[in-house]
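Report on the structure given below.
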Amino acid sequence: MIKQLHISNYALIDKLDIGFNDGLTIITGETGAGKSIILGALSLILGERADSKSIRDTSSKTVVEATFDITGYRLEHFFNEHDIDWDDRECLVRRELSPTGRSRSFINDTPVALSVLRDLATHLIDIHSQHSNMLLSQPAFQLSILDSIAGNAALLEQYRHAFLQYKEAVKRLDETQREMEQLQRNEDYIRFQLDQLQAMQLQPDEDVLLEAQQSRLSNITELKEDLWTVESELNSEENSVLERLAQVAQRLEDAEKNLTDVEGMSGRVRTAIIDLKDIAQSTAAIVDTLNDDPAELARIDERLNNIYSLERKHNAQDVNQLIEIQQSYERQLSEIEHNDDIIQELKALVSTTRAAAMDIASRLSSQRHDAAMRFGKELLSLATPLGMKNIAFDVDFSTTDLTPSGTDSVQLMMSFNKNQRPMPVKDTASGGEISRVMLCIKTIIARHMRLPSIIFDEVDTGVSGDVANMIGEMMADIARTIQVIAITHLPQVAASGDHHLRVFKTDTDVESLTRVETLDNQEHVMEIARMLSGKDLNQAAIENAKSLIRHNHQ
């Protein structure tokens, strides 16, 4: 429920803070006092379009901020989905409008898109006026009424899951059929490409190994010369490295006899000589294995050229990617060969998921038909005392294919006169009749489910007397389960309120400003007395007001 509303710099409002309570809150005030302005400001935080013309002082921004008690509203999933800080007790919603026309929206001080603000608003508050009564003519809203009465929330969730599985199966089948058709059109091309790749008999990392062999064979002469030089320097007959090192070792051995500081060095040199002799022998052996092989080099060159050609053709970086492409072509041909089996499996999945969704949709439909009968009886019992004694009601069901809400299309049919067959609401009811019907519907729904807070904006226009009393009683009935705020000009409705706010206008030297005051019990009585008697307030009107209040709170 809404707890606090702050409005600044909006139309006739410089700054206004309004506190709200649970139960039924009545808002009254003279025509033009600013009741519609307050509603206009409230609509901003519900995601409605902003108009920069409503900014009172164009040197600063307009701010509308509301605090909601969301205890028990189960909105954590919504907040997590949109990455908004979650508080299971309160929610702060703010809308700012700059003089340039730029609008900014916040939920719990997190900037959000206007669409997110609008989505959240549907869970928080419902403004109901004669101008919004066309909601009753919308099939989706009519269906939601029956689901609320039937208590279909859990079954609807099951159905939506089943419907999603069915739609995903249909999508997979459609996509696979299109892919198969495309593959079949490309079969000759795929086979040609695959034959080329398979003929190469490519091996993993083959290009790396071939390039190493190519480099070795291409540089065989230089390699042999380098190794010959190494072996010759180490082990030539005259003045070789090994010969000179042997002389060094001998000198160190002589020195060790008289100088302990060089002890062991000759042994280290002898060890180095052994290692170098092994290197000399190894390089000589390697040189013997290095033979020119122009034919093998030519074969490698040709193989690499063919590989490079395929890499360019298939936009591959190496042989491993070519092998992956080859495997992809093989899979595609396998799919073509098993096309019928794949399609049949997917068709079977579509059939199975459709049957599951249809089964739940059938149960939904059955419960909706039962709910329609109960709804009709409740609606007639509530509407008849509201001056609609000739009202007749029916629900026209038609069957559709599977939709996100089931297989039912409904049309609420009503007539308000004798000998008139029921017709769609939009074709038969006046504005006042629709307002009263909507009030009855909200009363019924409130008995079956938790609704957001409701604001009734002068839905009692055009009624009086006992009908006005009934409207007040119905609003009070709804307010037993949810917060209700009613803007009214009728004293009978105002007398049903648990709380009373009066909107009035004051004048300064330069402007008129809208103000709101919270009335205590005595002021509540006096305001209703004024509504009864007009300007000529008298004791009779005061006693009448007290009587109305006592009657409506029995």
Looking at [X], I want to see if its [atom1] is surrounded by more than 12 non-hydrogen atoms of other residues, nucleotides or ligands under 6.0 Å.
X: N305; atom1: CG; value: yes
X: E81; atom1: CD; value: yes
X: D195; atom1: CG; value: yes
X: R118; atom1: CZ; value: yes
X: E211; atom1: CD; value: yes
X: R374; atom1: CZ; value: yes
X: N80; atom1: CG; value: yes
X: H82; atom1: NE2; value: yes

Could you tell me whether the side chain of [Y] reaches within less than 4.5 Å of the side chain of [X], counting heavy atoms only?
X: I7; Y: I37; result: no
X: L5; Y: V64; result: yes
X: E345; Y: L349; result: no
X: F163; Y: I360; result: no
X: Y329; Y: H314; result: yes
X: T488; Y: F456; result: no
X: F68; Y: L75; result: no
X: Q326; Y: L194; result: yes

Is there a donor-acceptor contact under 3.5 Å from the side chain of [X] to the main chain of [Y]?
X: R303; Y: L210; result: no
X: H369; Y: S365; result: yes
X: S309; Y: N306; result: no
X: S381; Y: E378; result: yes
X: H499; Y: D22; result: yes
X: D205; Y: N320; result: no
X: R95; Y: E48; result: yes
X: D207; Y: V319; result: yes
X: S215; Y: A212; result: no
X: Y73; Y: M1; result: yes

Donor-acceptor side-chain pairing of [X] and [Y] below 3.5 angstrom:
X: Q332; Y: S328; value: yes
X: T110; Y: N108; value: no
X: Q177; Y: E181; value: no
X: Q420; Y: S415; value: no

Run the side-chain contact (heavy atoms from CB on, under 4.5 Å) test on D147 and R368 for me, step by step, so that the C-alpha distance in whole Å, both residues' side-chain angles and the decisive distance to 0.1 Å come before the verdict.
CA-CA 6 Å; D147 284 327; R368 286 165 175 168; 2.8 Å; yes
Of L120, D88, D85, the residue whose pairing with F79 passes side chain to side chain contact (heavy atoms under 4.5 Å, CB included)
L120
How long is the span from the [atom1] atom in [X] to the [atom2] atom in [Y], to the nearest 0.5 Å?
X: I471; Y: L439; atom1: CD1; atom2: CG; answer: 6.0 Å
X: F106; Y: D109; atom1: CZ; atom2: CG; answer: 8.0 Å
X: I482; Y: L24; atom1: CD1; atom2: CG; answer: 10.5 Å
X: L202; Y: D318; atom1: CG; atom2: CG; answer: 11.0 Å
X: R363; Y: Q367; atom1: CZ; atom2: CD; answer: 8.0 Å
X: K61; Y: S8; atom1: NZ; atom2: OG; answer: 8.5 Å

With side-chain contact (heavy atoms from CB on, under 4.5 Å) as the test, would you mind laying out the steps for L304 and Y308 before giving the verdict?
CA-CA 6 Å; L304 281 173; Y308 295 153; 3.9 Å; yes
Specify the closest pair of heavy atoms between [X] and [Y], including all atoms of both residues, with the distance to one decimal.
X: S496; Y: E473; value: OG-N, 3.9 Å
X: I325; Y: A316; value: CD1-CB, 4.2 Å
X: L380; Y: P385; value: O-CD, 4.5 Å
X: L412; Y: Q142; value: N-OE1, 2.8 Å
X: A372; Y: F397; value: CB-CE1, 3.9 Å
X: L379; Y: C440; value: CD1-CB, 3.5 Å

Pair [X] + [Y], salt bridge at N-O below 4.0 Å:
X: D174; Y: R178; value: no
X: R480; Y: D498; value: no
X: K171; Y: E168; value: no

Show your working on side-chain contact (heavy atoms from CB on, under 4.5 Å) between N417 and N390 and close with a plain yes or no.
CA-CA 5 Å; N417 302 299; N390 295 316; 5.5 Å; no
Apply the test side-chain contact (heavy atoms from CB on, under 4.5 Å) to residues L346 and V350: give CA-CA distance (whole Å), side-chain angles for both, the deciding distance (0.1 Å), then the verdict.
CA-CA 6 Å; L346 290 176; V350 169; 5.6 Å; no
Evaluate the side chain to side chain donor-acceptor pair (under 3.5 Å) criterion for residues S453 and Q483: first the C-alpha distance (whole Å), next the side-chain angles of each, then the deciding distance (0.1 Å), finally the verdict.
CA-CA 5 Å; S453 300; Q483 181 189 47; 2.7 Å; yes
